Colleague: 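Shown below is the structure under consideration.
Fair warning: this is a prediction, and the values are worked out from it, not measured in the lab. Counting convention: from 1, in listed order, for ligands and their atoms alike. Counting from 1, the numbers follow the sequence of the chain as shown.
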Amino acid sequence: MLINLSDVTSRDYKTVSLEAEIEADAFVSRLGKFPIVEKTPLKLVIANKGNKELEISASADLTVVIPCSRCLEDVRRQFSLRIARTVDMKATDEDRARNLDESSYISGCTLDSERLVFDELIVQWPAKVLCREDCRGICSKCGANLNQGECGCNRESLDPRMAAFRTVFRNFGTQEQ
Ligand SMILES: [Zn+2]
Ligand SMILES: [Zn+2]
């Protein structure tokens with residue numbers, strides 16, 4: 001949703017509160033597309049602190065489905081977005097670009113609430129998601145989900161990383177002797 005900030009920007013010490021529906025039904029990044037299955041509206045409080053500086057607070061709760069890093073089963077991950085930003089409305093878009101300002105969610109006198117949510121999700125995005133701490137992953141040979149039981153494959157001899165590791169270890173052992 002695009003929110004026009006000209007009214008609050010032009011009136012010193014004015015504060016506005018509003019809610020913006022989160023329109024996206026998936027979070028799309030270079031990592032892939034992840035469905036957003038639950039979401040609250042984004043609650044925004046925008047306060048003019050004088051001198052055309054806006055203090056923006058925003059909060060929303062989202063549930064996003066992300067595959068487990070090991071077994072690829074869907075995991076429902078909750079995100080609690082609590083955003084606090086200060087924006088200098090005297091800066092032009094060119095100033096912001098030059099200063100590598102993150103506030104690309106501000107363009108001219110407009111705030112893009114979807115962009116604000118997206119930027120915060122990127123910041124909070126987990127490096128790894130596990131369906132459970134001791135997820136056993138999938139068999140590298142047959143692809144079976146090992147959380148559902150042992151498939152019977154002999155994986156030890158098939159994992160090339162393990163084989164390489166053993167070679168290094170063997171060479172190292174030879175030098176030692
Ligand atoms: Zn898993
Ligand atoms: Zn297997």
Side-chain angles (χ1 to χ4, degrees), residues 1-3 17-45 56-87 96 100-107 111-177:
M1 186 171 140
L2 296 177
I3 298 157
S17 304
L18 62 137
E19 288 194 358
E21 293 295 333
I22 296 170
E23 289 152 26
D25 55 11
F27 173 72
V28 183
S29 74
R30 61 188 173 80
L31 298 171
K33 186 174 178 182
F34 307 92
I36 298 172
V37 290
E38 280 173 33
K39 58 195 171 189
T40 64
L42 183 72
K43 287 199 178 74
L44 280 155
V45 178
I56 297 172
S57 322
S59 62
D61 294 291
L62 303 173
T63 305
V64 184
V65 175
I66 307 172
C68 170
S69 302
R70 288 188 198 147
C71 73
L72 306 179
E73 288 290 316
D74 285 348
V75 180
R76 293 166 71 94
R77 181 71 148 68
Q78 264 124 32
F79 291 88
S80 189
L81 309 184
R82 301 291 179 263
I83 303 164
R85 303 273 171 87
T86 305
V87 180
R96 293 197 179 98
L100 300 174
D101 196 326
E102 290 173 56
S103 51
S104 56
Y105 59 96
I106 304 277
S107 173
L111 184 154
D112 182 341
S113 61
E114 293 288 307
R115 186 69 187 254
L116 187 60
V117 167
F118 184 89
D119 288 354
E120 187 63 19
L121 272 177
I122 288 178
V123 171
Q124 290 198 16
W125 200 255
K128 189 165 81 171
V129 173
L130 293 178
C131 60
R132 59 185 215 210
E133 270 309 307
D134 62 346
C135 171
R136 301 186 61 221
I138 55 175
C139 169
S140 54
K141 190 183 178 194
C142 73
N145 184 337
L146 298 174
N147 297 317
Q148 290 158 11
E150 194 41 69
C151 56
C153 297
N154 180 1
R155 283 185 299 281
E156 241 191 287
S157 58
L158 284 159
D159 188 332
R161 287 163 305 177
M162 281 306 285
F165 179 72
R166 269 200 295 269
T167 306
V168 169
F169 195 72
R170 205 181 302 122
N171 294 343
F172 185 70
T174 312
Q175 283 163 12
E176 284 286 285
Q177 283 161 8

Colleague: If you stand at the Zn ion (ligand 1) and look out to SG of C68 and SG of C131, what angle do those two lines make, to 10°?
Modeller: 120°

Colleague: Determine all donor-acceptor pairs shorter than 3.5 Å in which one atom belongs to a side chain in residues 71-84; sequence neighbours excluded.
Modeller:
unit_1 : atom_1 : unit_2 : atom_2 : d
R76    : NH2    : E38    : OE2    : 2.7
S80    : OG     : D61    : OD1    : 3.1
S80    : OG     : R82    : NH2    : 3.3
R82    : NH1    : A60    : O      : 3.4

Colleague: Can a salt bridge be assigned to the pair E150 and R136 using a cut-off of 4.0 Å between side-chain N and carboxylate O?
Modeller: yes

Colleague: To the nearest 10 degrees, calculate the angle at the Zn ion (ligand 2) involving SG of C151 and SG of C153.
Modeller: 110°

Colleague: Just to the nearest 10 degrees, tell me the angle at the Zn ion (ligand 2) spanned by C139 SG and C142 SG.
Modeller: 110°

Colleague: Using a cut-off of 6.0 Å, state whether more than 12 heavy atoms not belonging to D134 lie near its atom CG.
Modeller: yes

Colleague: Calculate, to the nearest 0.5 Å, the distance between atoms CD and CG belonging to E114 and D119 respectively.
Modeller: 11.5 Å

